[in-house]
2 protein chains.
Amino acid sequence: MARPKEFIAEEALDAAIGVFREHGYEGTSAEMLVRTLGIGRQSLYDTFGDKWQLYLAAVQRYAARETEAHLSALASERRAVDGLRVMVERVVDDAAEACLGVNSICEFGTGKPELAAIRDSAGRALTRAIVGRIREAQAEGDVAADIDPSSATEFLHASFAGIRVAARGGAGQRRLRALGQLALRALT
Amino acid sequence: MARPKEFIAEEALDAAIGVFREHGYEGTSAEMLVRTLGIGRQSLYDTFGDKWQLYLAAVQRYAARETEAHLSALASERRAVDGLRVMVERVVDDAAEACLGVNSICEFGTGKPELAAIRDSAGRALTRAIVGRIREAQAEGDVAADIDPSSATEFLHASFAGIRVAARGGAGQRRLRALGQLALRALT
DNA sequence: GTCATTCTTGACTGATCGTTCCAAATCCGC
DNA sequence: GCGGATTTGGAACGATCAGTCAAGAATGAC
């Protein structure tokens with residue numbers, strides 16, 4: 001062993017998430033990263049490779065965190081439809097900060113397979129969980145039986161994106177809350 | 001008078017819309033613009049000022065076109081709810097190409113007053129029209145009476161953003177169509 | 001304490017960024 | 001055809017970009 005790092009990679013990654021979610025990939029310069037992460041240029045490149053790899057790592061970490069938050073909200077209530085509602089409300093409450101997922105989709109679309117892979121693998125577990133919860137809610141009579149659980153899940157996903165874009169465009173909490181309620185209403 | 005321009009500003013602007021909607025502002029270089037618009041560097045700067053002003057002009061033109069398309073879809077059917085449905089279907093059908101509005105919101109958020117001004121002034125007329133059509137649909141019994149027309153309008157707006165983000169993320173037509181149907185379902 | 005190893009710092013690289021300058025080309029009114 | 005006006009294309013600008021290099025600072029193993 002030799003001299004240890006003076007920073008923690010995970011914390012630096014969190015800081016990187018903060019920059020990228022606000023300014024996007026192209027809008028973020030190496031200078032900004034160095035300043036915000038609080039580490040030296042060379043440390044940054046030694047630890048994360050290059051800007052693109054750092055971006056991928058940030059998106060990955062963000063996706064994992066976001067997925068976990070969704071799952072925990074989903075499972076927080078006994079009644080399935082309440083879990084769905086809590087999940088939506090969390091999205092509304094956290095919408096003030098830009099979503100790195102939506103941001104990366106808008107910026108790169110389907111053009112970057114590595115990004116798509118991250119989103120897919122993160123989304124798979126979440127999708128399964130939401131589909132399951134919707135089926136439960138249908139069995140409990142809280143979600144209309146004629147709705148395809150898969151479509152409903154994608155609809156919730158899309159609604160999250162819509163809510164986050166609205167927030168990014170300046171919509172306040174009250175309006176976002178109404179959006180969440182209407183999204184849930186589509187399932188009844 | 002003297003030598004006339006060899007290009008039409010509006011056509012160049014349309015080409016600029018095509019580049020910006022795909023690559024965003026930061027992701028678009030002057031080089032790309034010159035190549036895609038098919039005009040010289042100097043002509044570009046003489047005609048549009050600088051990159052930022054060109055971007056604003058492109059967003060403005062795009063917003064006007066999009067607003068008009070929405071309005072015409074809205075008014076295309078006698079029954080209000082059918083107009084709403086046609087509007088949603090058009091969004092779905094055109095979602096393959098990235099939306100410059102969503103893109104600019106995601107890239108800049110509320111940070112650029114000039115952008116917000118463009119979106120506001122373009123959105124105002126559209127919002128009014130949608131609210132009116134929703135009220136009609138409520139009177140005709142096609143939209144639930146307990147829904148606030150303003151909230152419903154914002155919900156449709158957000159759903160459009162959601163559909164477009166989904167499309168940008170690679171969702172196919174069939175899935176997008178399901179998203180549109182569920183969005184309309186929220187209003188019933 | 002010494003050595004080998006690793007991390008940090010700041011100057012530096014070539015490339016590309018948005019933008020401007022300038023000379024040549026092109027047109028209209030006369 | 002001529003002169004004034006304007007567009008055009010290409011070279012060039014300083015600034016900034018992402019990324020690298022080299023030298024010094026700090027550590028653990030012995």
Side-chain angles (χ1 to χ4, degrees), chain A residues 1-61 100 103-104 107-108 111-112 114-115, chain B residues 1-61 100 103-104 107-108 111-112 114-115:
Chain A
M1 287 291 252
R3 180 175 179 180
K5 283 187 197 295
E6 290 182 358
F7 62 96
I8 302 169
E10 281 76 17
E11 289 181 2
L13 213 45
D14 285 340
I17 289 174
V19 187
F20 282 132
R21 78 194 299 178
E22 186 58 35
H23 300 99
Y25 178 75
E26 292 288 355
T28 299
S29 69
E31 164 86 19
M32 291 166 67
L33 287 168
V34 166
R35 193 157 9 96
T36 309
L37 307 211
I39 69 178
R41 237 186 185 67
Q42 191 62 32
S43 304
L44 192 157
Y45 279 90
D46 282 348
T47 307
F48 298 107
D50 60 13
K51 187 186 168 189
W52 179 246
Q53 287 179 276
L54 172 57
Y55 183 71
L56 290 179
V59 172
Q60 176 115 48
R61 183 171 170 83
L100 184 52
N103 210 311
S104 80
E107 189 165 1
F108 297 108
K112 306 281 175 180
E114 311 141 278
L115 269 181
Chain B
M1 288 290 254
R3 180 177 180 180
K5 284 187 197 292
E6 291 183 359
F7 63 96
I8 303 169
E10 280 76 17
E11 290 181 2
L13 213 46
D14 286 339
I17 289 175
V19 188
F20 282 132
R21 78 195 298 179
E22 186 58 35
H23 301 98
Y25 177 76
E26 292 287 355
T28 299
S29 68
E31 165 84 20
M32 290 167 68
L33 287 168
V34 166
R35 194 160 4 100
T36 309
L37 306 211
I39 69 178
R41 242 184 181 67
Q42 191 62 34
S43 304
L44 192 157
Y45 279 87
D46 281 348
T47 308
F48 299 107
D50 59 14
K51 188 186 166 189
W52 179 247
Q53 287 179 277
L54 172 57
Y55 183 71
L56 290 179
V59 172
Q60 176 116 47
R61 184 170 169 83
L100 184 54
N103 209 311
S104 80
E107 189 164 2
F108 297 107
K112 306 282 174 178
E114 309 141 280
L115 270 181

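The chains referred to below are lettered A, B, ... by the order of the sequence lines, with proteins before strands, and numbering in each begins at 1. Every value quoted in this text rests on a predicted model; they were computed, and no experiment measured them.
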If I take atom [atom1] in residue [X] and atom [atom2] in nucleotide [N], what distance separates them, rounded to the nearest angstrom?
X       : N      : atom1 : atom2 : value
A:Lys51 : C:dT16 : NZ    : P     : 15 Å
B:Glu31 : D:dC17 : CD    : P     : 19 Å
B:Met32 : C:dT16 : CE    : C1'   : 13 Å
B:Phe48 : C:dT19 : CZ    : P     : 14 Å

What I'd like to find out is whether the side chain of B:Tyr55 reaches to under 4.5 Å of the side chain of B:Glu107, using heavy atoms alone.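 A side-chain contact under 4.5 Å exists here.
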Within-4.5 Å side-chain heavy-atom neighbours: B:Leu13 and B:Phe48: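 Yes, at least one pair of side-chain atoms sits under 4.5 Å.
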Between [options], which nucleotide has the shortest distance from any of its atoms to the side chain of [X]?
X       : options                : value
A:Asp50 : C:dG18, D:dG19, C:dT19 : D:dG19
A:Gln42 : D:dG19, C:dC22, D:dA22 : D:dA22
B:Asp46 : D:dA18, C:dT20, D:dT8  : D:dT8

Polar pair under 3.5 Å, donor/acceptor by atom type, side chain B:Arg41, base D:dG10: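 It does not, because no donor-acceptor pair links the side chain of B:Arg41 to the base of D:dG10 below 3.5 Å.
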Please report the C-alpha distance between A:Tyr25 and B:Glu26 in whole Å, then the side-chain angles of each, then the deciding distance to 0.1 Å, and finally whether the side-chain contact (heavy atoms from CB on, under 4.5 Å) criterion is met. CA-CA 9 Å; A:Tyr25 178 75; B:Glu26 292 287 355; over 6 Å; no
Ignoring backbone atoms, test whether A:Ser43 places a side-chain nitrogen or oxygen under 4.0 Å from the OP1 or OP2 oxygen of C:dC7.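 So the side chain of A:Ser43 is outside the cut-off, no N or O lying under 4.0 Å from OP1 or OP2 of C:dC7.
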Whether B:Trp52 and B:Phe108 hold their rings parallel, tilted or perpendicular, with breakpoints at 30° and 60°: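 Plane angle over 60°, so perpendicular.
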